[in-house]
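In what follows, a structure is listed as structure tokens, so that the remarks can point back to it.
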Amino acid sequence: MQLTPFCLVLCESSYAACLRVSPDRSQFFRYDSISLSCEDPLNSTGWKVKRKTSEGGVRPCSSGWGSSSSGSTCIIGNTYPSDSGLYWCESVDGERSNAVNITITDRTVVLESPALPVSEGAAVTLRCKPETHSSDHMFNFYKYGRCIGSSSTGEMTIHSASKSDVGLYKCSIPGGGESVGSWLAVEAALPSSSSPPAASVSLSRLMCHLVVGTPYLLSTILLGLIYRDRKRDKEIAEIYKDHKSLP
């Protein structure tokens, strides 16, 4: 099971826009293709992808690297190790999105892990990918250099991510090479605005019933009082009539 990125949830709470990476990972082989896009539900055209160069400067897409068919999307068609670095989106007003550290490697193995922080409770699959496929591979996974598992499929799944899963991961193929490290970040899950708590729903329904039902209740009480008064007046009139008829 591959994780569906939680980018929009996290970026909406912390940033004006979100940088998405496709494919969703932070490590790539040389000559891979990468799509970087800025997502802002309020302004999809006011952002540009930028990166920090190896010399320490900042350059936007299409200024010596990448190509842009639209202002908010940048494509790197044939990646090189020199394309490694920090990427983000920036608006004309200087606002910034989340930043993603991308690594382009000459190694024969990469670790495919989410480029963005994942939400607590989500399932995350780490994939160890060799440059040359072989069915005979055995894959080892490491966290901070300590082996945490082996797999013949090249996959290791964290079924419910928690803060304890935060860390630096890498993988290797015995006799076939080792990946560089990738940082896995885990963020607290945000409550869904589309699913309010049951207590709030019950309170809302109660208020609705009160608002809708109160006029009918008042009308019923008022009619009851009028009927009671008329009945009482009628009884008084009859008593007075009977009293006058007495000798």
Side-chain angles (χ1 to χ4, degrees), residues 1-29 32-41 47 49 51-52 72-74 76 79 83-89 96-105 107 109-130 139-151 153-172 178-195 197:
M1 176 179 179
Q2 187 173 10
L3 175 74
T4 299
F6 251 77
C7 178
L8 285 179
V9 175
L10 297 178
C11 288
E12 284 177 356
S13 64
S14 305
Y15 301 98
C18 178
L19 172 64
R20 277 193 185 276
V21 182
S22 182
D24 178 26
R25 60 181 193 262
S26 58
Q27 288 185 26
F28 296 87
F29 289 117
D32 277 348
S33 178
I34 306 175
S35 174
L36 304 163
S37 58
C38 304
E39 295 188 355
D40 177 1
W47 297 84
V49 180
R51 89 176 200 197
K52 190 171 184 179
S72 59
T73 300
C74 185
I76 308 176
T79 58
D83 291 314
S84 298
L86 198 64
Y87 291 77
W88 66 91
C89 300
R96 289 194 178 192
S97 72
N98 59 306
V100 176
N101 192 36
I102 293 176
T103 300
I104 315 299
T105 180
R107 298 192 183 191
V109 180
V110 296
L111 175 65
E112 295 184 352
S113 63
L116 300 171
V118 301
S119 178
E120 280 187 305
V124 186
T125 297
L126 305 179
R127 292 180 172 85
C128 194
K129 184 178 179 181
F139 305 87
N140 297 325
F141 292 87
Y142 303 84
K143 180 180 180 183
Y144 292 124
R146 182 176 65 86
C147 186
I148 56 174
S150 299
S151 168
T153 64
E155 296 184 354
M156 187 190 78
T157 299
I158 301 171
H159 295 285
S160 182
S162 66
K163 291 292 187 179
S164 63
D165 295 310
V166 173
L168 190 67
Y169 292 79
K170 66 180 180 179
C171 69
S172 70
E178 181 179 83
S179 73
V180 296
S182 278
W183 185 262
L184 178 65
V186 179
E187 300 288 350
L190 297 176
S192 173
S193 58
S194 61
S195 301

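Between Phe29 and Lys129, the closest side-chain pair of non-hydrogen atoms falls below 4.5 Å. In this structure, the side chains of Val21 and Leu36 come closer than 4.5 Å at one or more pairs of heavy atoms. Looking at heavy atoms from C-beta onward, Ile34 lies out of side-chain contact with Asp83 at the 4.5 angstrom threshold. Residues Val166 and Trp183 are in side-chain contact: their nearest non-hydrogen atoms beyond the backbone lie under 4.5 Å apart. Under the 4.5 Å side-chain criterion, counting only non-hydrogen atoms from C-beta, Ser172 is not in contact with Val109.
The two residues Asn98 and Leu19 make their nearest non-hydrogen contact at OD1-N, 2.8 Å. The two residues Ser160 and Asp165 make their nearest non-hydrogen contact at O-OD2, 3.9 Å. For Ser97 against Ala17, the heavy-atom pair with the smallest separation is CB-O, 3.2 Å. Taking both residues in full, the closest heavy atoms of Leu126 and Tyr169 are given as CD1-CD2, 3.7 Å, listed atom of the first, atom of the second, then distance.
Distance check: Thr105 OG1 to Phe28 CZ gives 12.5 Å after rounding to the nearest 0.5 Å. Interatomic distance, Glu187 CD to Ser119 OG, rounded to the nearest 0.5 Å: 9.0 Å. To the nearest 0.5 angstrom, Arg25 atom CZ is 10.5 Å from Leu111 atom CG. Note that OG of Ser113 is 11.0 Å distant from CZ of Arg127, once rounded to the nearest 0.5 Å.
Take Ser182 and apply the side chain to side chain donor-acceptor pair (under 3.5 Å) test, not counting sequence neighbours, and it matches Ser26, Gln27. Scored by the side chain to side chain donor-acceptor pair (under 3.5 Å) test, Arg107 finds no partners at all (sequence neighbours excluded). In this structure, the side chain to side chain donor-acceptor pair (under 3.5 Å) partners of Lys170, at least two apart in sequence or on a different chain, are Glu178.
Proximity of a side-chain donor or acceptor of Thr79 to a complementary backbone N or O of Asp32 within less than 3.5 Å is detected.
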Query raised in the report: Would Cys18 and Cys38 satisfy disulfide (SG to SG under 2.5 Å), going step by step from the backbone distance to the final call?
Result: CA-CA 6 Å; Cys18 178; Cys38 304; over 6 Å; no

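When the options Cys171, Cys147, Ser179 are evaluated for a side chain to side chain contact (heavy atoms under 4.5 Å, CB included) with Phe141, the one that passes is Cys171.
Atom NZ of Lys52 has 12 or fewer neighbouring heavy atoms from other residues, nucleotides or ligands inside a 6.0 Å radius.
Side chains of Asp40 and Trp47: a donor on one and an acceptor on the other come within 3.5 Å. Between the side chains of Thr103 and Ser84, no donor-acceptor pair is found at a separation under 3.5 Å.
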